[in-house]
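As structure tokens, the structure follows; a few thoughts come after it.
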Amino acid sequence: MIQPLEFFPYVAQELYAEKTSVIKCAEKYGTPLFIYSETAIKKAYQALDKSLEGIPHQICYAMKANSNLSILKLIKSMGGGVDTVSGGELFRAKKAGIKPDRIVFSGVGKSVKEIEQALKYSQKASVALINVESLEELDAIAIVAKRLKKTASIGFRFNPDVDALTHKHISTGKNENKFGMTKPEILQALEKYKKHPKIKISGISIHIGSQLTNVYPLRNAFQECAELFELLSDSLPQSLKFIDLGGGVGVQYQNETTIPIDSYAGIIKEIFKRPKFQQYKPKLLLEPGRLIIANSGILVSKILYRKYREDKNFVIVDAGMTELIRPALYEAHHGVLSVKKHLGPTQPIDLVGPICETGDFLARGANLPTGIAQGEYVAVLSAGAYASAMSSQYNSRPRAAEILVSGTKIKVIRKRETERSLILNEEIK
Ligand SMILES: *Cc1c(COP(=O)(O)O)cnc(C)c1O
């Protein structure tokens with residue numbers, strides 16, 4: 001499990017990304033700036049991959065966490081596939097050259113157009129698995145498959161009604177959440193579609209939430225999923241090909257303890273020891289997002305102004321909720337550091353952005369050096385996942401640039417947007 005600072009060390013009193021000076025990057029490419037460490041991404045991916053040695057598996061990186069094309073290509077180079085949740089993501093996956101047999105299509109409301117995209121992903125092949133979220137959606141998939149003369153390989157997304165013990169906005173595995181199908185719903189869909197010529201029932205999937213830090217809800221969910229896998233396999237002419245255990249493993253943002261990879265792999269290995277699994281030999285699919293990318297990135301921002309008051313200190317920087325909305329959206333905590341190390345005293349500081357919203361803060365009460373000055377840079381840690389991917393142009397702010405660093409090598413993987421980017425689709429003739 002990658003730590004927030006593992007690939008962003010201080011070298012001679014200033015922050016580096018691998019072997020590259022963060023200050024030099026900020027000066028060359030401007031701020032706000034996302035910096036990703038290629039080595040961190042590789043290490044996170046390979047650690048998970050290796051922990052599952054001996055179990056036939058495919059990692060399908062949940063690209064909604066960060067769908068930059070260069071990052072997708074990096075995942076692909078290690079043998080990874082992707083979990084997609086929209087037509088736009090299928091489009092990106094295709095651009096990155098990811099093969100259809102490594103693609104899962106998830107999402108709670110797939111449109112007809114998106115279903116077509118998944119079935120016609122490449123000239124010859126459809127995506128490996130479409131995870132179905134309702135009987136009505138399956139009806140729609142069957143109609144499209146018939147019209148296109150394609151066979152849709154589908155899985156049922158199972159909602160096991162377990163409490164994932166995470167923030168309510170990122171919990172997905174309770175009956176009260178909109179996601180997945182209950183067991184009776186799945187059995188009903190099975191009856192309706194088990195002999196359908198264009199629907200191939202090939203998997204069962206779960207994803208109970210994100211930023212999970214406790215292994216027990218996952219273990220319960222995996223067990224329930226395994227039972228349902230066996231039930232479905234027993235009632236079909238051939239067993240299901242895939243068991244898709246989703247993503248959701250939490251990462252360390254501050255001092256919280258999270259799920260060690262070995263424990264995670266351990267609870268997976270447990271279900272693969274079940275006698276019927278040895279007989280049916282399913283392929284395991286995993287959809288990690290945050291685990292791969294969160295601690296592989298930082299957001300660098302420049303200090304514009306300070307407001308030190310008797311009972312409150314604000315530092316106003318040039319990044320905000322447009323670049324990182326997680327604090328505003330889920331009360332998420334991100335570590336922050338001054339890029340230049342200060343040796344003097346520190347004090348609690350609210351790090352806020354320039355956007356006209358009270359909710360526009362990056363960190364509250366962050367322990368920053370009292371002497372941190374205008375024009376200096378700060379780094380918001382663990383900003384690889386759900387940051388750039390959730391960014392917006394609110395307040396008419398062009399989106400930030402992104403760079404990928406490997407040792408001393410730097411690659412610009414997304415150019416900074418310009419003011420023209422803001423109005424491109426509004427110039428009505
Ligand atoms: C978001 C999502 C994931 C990834 O979640 P992380 O917490 O980033 O690992 C995986 N599978 C599905 C279906 C998702 O919606």
Side-chain angles (χ1 to χ4, degrees), residues 1-2 41 44-45 47-49 57-68 71-72 75 80-86 88-90 93 102-110 114 118 127-134 137 154-160 164-174 177-181 203-215 217-218 221-222 225 242-253 256 258-259 261 264 268 284-297 326 329-330 332 382-390:
M1 180 106 22
I2 310 279
I41 298 170
Y45 180 96
L48 178 63
D49 204 25
H57 66 276
Q58 173 68 53
I59 295 178
C60 293
Y61 166 66
M63 60 180 281
K64 74 173 188 285
N66 189 323
S67 56
N68 186 290
I71 287 169
L72 300 186
I75 298 287
V82 289
D83 171 52
T84 58
V85 292
S86 71
E89 288 196 349
L90 287 166
R102 295 191 177 170
I103 295 191
V104 176
F105 185 32
S106 308
V108 74
K110 303 170 193 76
E114 290 173 322
V127 299
L129 188 66
I130 303 179
N131 281 330
V132 169
E133 297 247 4
S134 64
E137 187 182 65
I154 68 103
F156 294 113
R157 174 154 176 191
F158 175 37
N159 182 329
L165 307 175
T166 183
H167 190 276
K168 63 181 189 301
H169 289 171
I170 48 178
S171 178
T172 57
K174 290 275 287 169
N177 303 132
K178 68 178 175 180
F179 295 98
M181 301 169 76
I204 178 104
S205 77
I206 48 163
H207 174 71
I208 62 167
S210 200
Q211 186 53 17
L212 310 181
T213 53
N214 188 320
V215 80
L218 268 181
F222 288 0
C225 190
F242 300 114
I243 181 161
D244 175 351
L245 295 179
V249 177
V251 301
Q252 198 171 47
Y253 284 100
E256 69 270 59
T258 172
I259 303 171
I261 288 299
Y264 183 65
I268 291 173
L284 167 70
L285 302 177
L286 286 180
E287 305 167 345
R290 194 187 308 271
L291 180 68
I292 305 293
I293 192 78
N295 280 330
S296 304
R326 298 188 67 257
L329 204 56
Y330 324 117
S382 318
Y386 305 108
S388 159
M390 284 187 167

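Whatever order the structure lists ligands and atoms in, that order sets their numbers, starting from 1.
With Glu137 as the partner, the side-chain contact (heavy atoms from CB on, under 4.5 Å) test is satisfied by one option alone out of Val108, Asn131, Ile130, Val132: Val132. Of the candidates Leu218, Leu212, Val215, Tyr264 forms a side-chain contact (heavy atoms from CB on, under 4.5 Å) with just one, namely Leu218.
The ligand atoms of ligand 1 that sit less than 4.0 angstrom from a heavy atom of Gly247 are 9 (O), 10 (C). Residue Glu287 approaches ligand 1 through these ligand atoms, each under 4.0 Å from one of its heavy atoms: 3 (C), 4 (C), 9 (O), 10 (C), 11 (N), 12 (C), 13 (C). Within ligand 1, counting atoms from 1 as listed, the ones closer than 4.0 Å to a heavy atom of Ala62 are 3 (C), 4 (C), 10 (C).
Nearest heavy-atom pair, Lys64 versus Ala389, reported as atom, atom and distance to 0.1 Å: O-CB, 3.3 Å.
Only the side chain of Asp83 comes within 4.0 Å of ligand 1, judged by heavy-atom distances.
Under a 3.5 Å cut-off, the side chain of Glu89 and the backbone N or O of Ser67 do not form any donor-acceptor pair. A donor-acceptor distance shorter than 3.5 angstrom exists from the side chain of Tyr61 to the backbone of Asn66, with no hydrogens or angles considered. Side-chain atoms of Glu133 come within 3.5 Å of backbone atoms of Gly180 as a donor-acceptor pair (strictly under, hydrogens ignored).
If you check which protein heavy atom lies closest to atom 7 (O) of ligand 1, you get Ser210 OG, 2.3 Å. Nearest non-hydrogen protein atom to atom 8 (O) of ligand 1 is Tyr386 OH, 2.6 Å.
Put simply, no part of Leu291 is less than 4.0 Å from ligand 1, judged by heavy atoms. The closest approach between any non-hydrogen atom of Gly248 and ligand 1 is below 4.0 Å. Using a 4.0 Å cutoff on heavy atoms, Phe179 does not count as a contact of ligand 1.
Side-chain contact of His207 with Asp244: a donor-acceptor pair under 3.5 Å is absent, judged by distance alone.
Closest to atom 2 (C) of ligand 1 by heavy atom, among Arg157, Arg290, Gln211, Lys64, is Lys64.
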